[in-house]
Amino acid sequence: MNTDTTLTALKSQHKDMWQAAQKIESQFLAEMLKTSGFAKPSEYFSSAGESHFQSFLIEAQAESLGESRSFGISEHIFEALLQRQSNGK
C-alpha cells in the first residue's frame with residue numbers, strides 16, 4: 001500500500017478530523033490573502049456591502065486553494081492530529 005492510498009484510507013476513517021484539518025487550512029489561507037492586501041476595498045465603489053462580499057470571496061478562494069492540495073497544509077495538520085491521537089494526548 002503506498003502513502004497516498006494509506007492517507008486516503010485514514011481520511012475516510014477519520015472524516016471529522018480530516019474536515020477539521022481542511023477548515024484550519026482554509027482559515028489560514030484566508031488570513032494570508034487578507035494580509036497580502038488582496039482584500040483591499042475599491043477606491044471607487046467602497047461600501048459596507050462590498051466589504052462583506054470581499055470577505056465571502058476571500059473565504060471561497062481560500063477554500064478553493066485548499067481543495068487544490070497545492071499547499072498540503074491540511075495533510076500535515078491531519079497527520080499531526082493522528083499522531084497526537086495515537087500518543088494519547
Quiz: residues 10-17 side-chain donor-acceptor pairs under 3.5 angstrom, not counting sequence neighbours:
| unit_1 | atom_1 | unit_2 | atom_2 | d |
| --- | --- | --- | --- | --- |
| Ser12 | OG | Ala9 | O | 2.8 |

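- Annotation: salt bridge (charged side-chain N to carboxylate O under 4.0 Å, His left out) contacts of Glu31 (sequence neighbours excluded): Lys34.
- Looking at every heavy atom in both residues, Ala21 comes nearest to Ser74 through CB-O, 3.5 Å.
- Remark: side-chain polar atoms of Ser26 are not paired, donor with acceptor, to backbone N or O of Lys23 under 3.5 angstrom.
- Residues Glu75 and Trp18 meet the side-chain proximity criterion, which asks for heavy atoms closer than 4.5 Å.
- Atoms CD and CD, from Glu63 and Gln27 in turn, are 9.5 Å apart once rounded to the nearest 0.5 Å.
- Taking CE from Met32 and CD1 from Ile73, the interatomic distance works out to 7.0 Å, rounded to the nearest 0.5 Å.
- For the atom pair CD1 (Ile77) and CD1 (Ile24), the distance works out to 5.0 Å, reported to the nearest 0.5 Å.
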